[in-house]
2 protein chains.
Amino acid sequence: MNNRVRELRTGLGWSQADLGERLDVSRQTVNAIETGKYDPSLPLAFKIARLFSLTIESIFTPEA
Amino acid sequence: MNNRVRELRTGLGWSQADLGERLDVSRQTVNAIETGKYDPSLPLAFKIARLFSLTIESIFTPEA
DNA sequence: TCCGGATGTCAAGCGAGCTTGACAAAACAC
DNA sequence: GTGTTTTGTCAAGCTCGCTTGACATCCGGA
């Protein structure tokens with residue numbers, strides 16, 4: 001699963017910790033998602049999409 | 001997280017087992033998602049959306 | 001030069017997502 | 001009214017998603 005989270009976050013000048021706060025998750029979780037260690041849960045994906053005012057499909061793309 | 005999976009599935013005349021096969025998950029997983037026991041992972045949500053040719057947002061809606 | 005913020009990563013722990021196997025009950029066919 | 005299909009649900013087990021706490025590195029600014 002590829003995603004544009006880092007691109008969207010840095011575009012707003014936020015640190016991983018900043019984004020974590022706004023999403024109510026730890027900065028390690030943000031880092032893990034950005035570095036592809038694992039995919040977010042569906043509820044977290046919705047939170048991310050809402051925060052950036054985008055659709056899930058425009059942020060995340062399955063690799064296969 | 002509410003979803004329209006059951007509605008979409010029965011609309012095509014499929015059993016939970018049928019849908020499970022097409023998604024490569026067990027019928028128990030389909031049942032659990034339809035009955036709200038837990039949310040699908042993000043990759044599975046993508047598979048479901050693609051199978052029904054819909055967006056994730058049009059199938060799943062966060063309750064909050 | 002030194003310090004603070006930012007990032008990457010590890011470990012241990014817990015609940016969520018998924019598995020197979022099983023059984024009971026409801027719904028459907030004939 | 002019997003038999004098959006479908007659905008609901010339980011249990012045990014494994015991995016993933018997320019947590020806190022910690023440590024190393026890498027930079028940018030005073």
Side-chain angles (χ1 to χ4, degrees):
Chain A
M1 183 81 65
N2 295 317
N3 73 75
R4 300 200 296 129
V5 173
R6 171 161 300 176
E7 168 192 346
L8 296 167
R9 174 180 62 81
T10 58
L12 293 177
W14 294 350
S15 69
Q16 293 180 348
D18 289 337
L19 179 54
E21 266 186 42
R22 293 172 194 260
L23 294 172
D24 279 315
V25 296
S26 67
R27 71 167 190 85
Q28 287 88 338
T29 292
V30 172
N31 182 269
I33 291 168
E34 286 189 0
T35 58
K37 287 189 65 180
Y38 51 73
D39 299 322
S41 67
L42 185 55
L44 181 51
F46 266 99
K47 274 192 177 183
I48 293 170
R50 286 181 165 182
L51 185 57
F52 293 118
S53 299
L54 294 170
T55 63
I56 290 178
E57 280 87 353
S58 69
I59 301 178
F60 300 92
T61 59
E63 306 196 326
Chain B
M1 183 81 65
N2 295 317
N3 72 76
R4 300 199 295 128
V5 172
R6 171 162 300 175
E7 169 192 346
L8 296 167
R9 174 181 62 81
T10 58
L12 294 177
W14 294 351
S15 69
Q16 293 180 347
D18 289 337
L19 179 54
E21 267 186 42
R22 292 173 194 258
L23 294 172
D24 279 315
V25 297
S26 67
R27 71 167 189 87
Q28 286 89 337
T29 292
V30 172
N31 183 270
I33 291 168
E34 286 190 359
T35 58
K37 289 189 63 180
Y38 51 73
D39 300 322
S41 67
L42 184 55
L44 181 51
F46 266 99
K47 273 192 179 184
I48 293 170
R50 286 181 166 183
L51 185 58
F52 292 118
S53 300
L54 294 170
T55 62
I56 289 178
E57 280 87 353
S58 69
I59 301 177
F60 300 93
T61 60
E63 308 196 324

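Computed from a prediction, not measured in an experiment: that's the story for all the values here.
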* Hey, is the side chain of B:N31 poking within less than 4.0 Å of OP1 or OP2 on D:dT7, counting only N and O atoms? -> no

* Contact class for A:S26 vs. all strands (heavy atom < 4.0 Å): base, sugar-phosphate, or nothing? -> base

* Side chain of A:Q16: nearest nucleotide among D:dT20, D:dG17, C:dT7? -> C:dT7

* To do: Starting from C1' on D:dG17, measure out to CZ on A:F60 and report it in whole angstrom.
  => 13 Å

* To do: For residues B:I48 and B:F60, determine if any side-chain heavy atom of one lies less than 4.5 Å from a side-chain heavy atom of the other.
  => yes

* **Distance (rounded to the nearest 0.5 Å) between A:L42 CG and B:D39 CG** => 6.0 Å

* With a 4.0 Å cut-off on heavy atoms, is B:S41 in touch with a base, just the backbone sugar-phosphate, or nothing at all? -> sugar-phosphate

* Which nucleotide in the list C:dG17, C:dC23, C:dT9 gets nearest to the side chain of B:R27? -> C:dC23

* To do: Whole angstrom is fine here: how far is it from CG in B:L19 over to P in D:dG8?
  => 13 Å

* **Nearest-angstrom distance from the residue atom CG of B:D39 to P of D:dG17** => 13 Å

* Structure fact -> Which of D:dC18, C:dC18, C:dG8 is nearest the side chain of B:P40? It is C:dC18

* Structure fact -> Heavy-atom closest pair (A:N3 atom, A:V5 atom, distance to 0.1 Å) is OD1-N, 2.9 Å

* How many Å lie between CD on A:Q28 and P on C:dA6, as a whole number? -> 14 Å

* Measure the distance from OH on B:Y38 to P on D:dT15 and round it to the nearest whole Å. => 16 Å

* Sugar-phosphate, base or nothing in reach of B:T29, heavy atoms under 4.0 Å -> base

* Which residue lies toward the 5' end of DNA chain D, B:P43 or B:R9, if each is placed at its nearest nucleotide? -> B:R9

* Does a side-chain heavy-atom distance below 4.5 Å link B:I33 with B:V25? -> no

* Measure the CG-CZ distance between A:L19 and A:R9 for me, rounded to the nearest 0.5 Å. => 7.0 Å

* Rounded to whole angstroms, how far apart are CG on B:D24 and C1' on C:dG17? -> 16 Å

* Could you state the CG-P distance from B:L42 to D:dG17, rounded to the nearest angstrom? -> 9 Å

* Expressed in angstrom and rounded to an integer, what is the separation of B:W14 atom CH2 from D:dT7 atom P? -> 13 Å

* Structure fact -> The residue, A:S15 or A:K37, whose nearest nucleotide of DNA chain C is more 5′ is A:S15

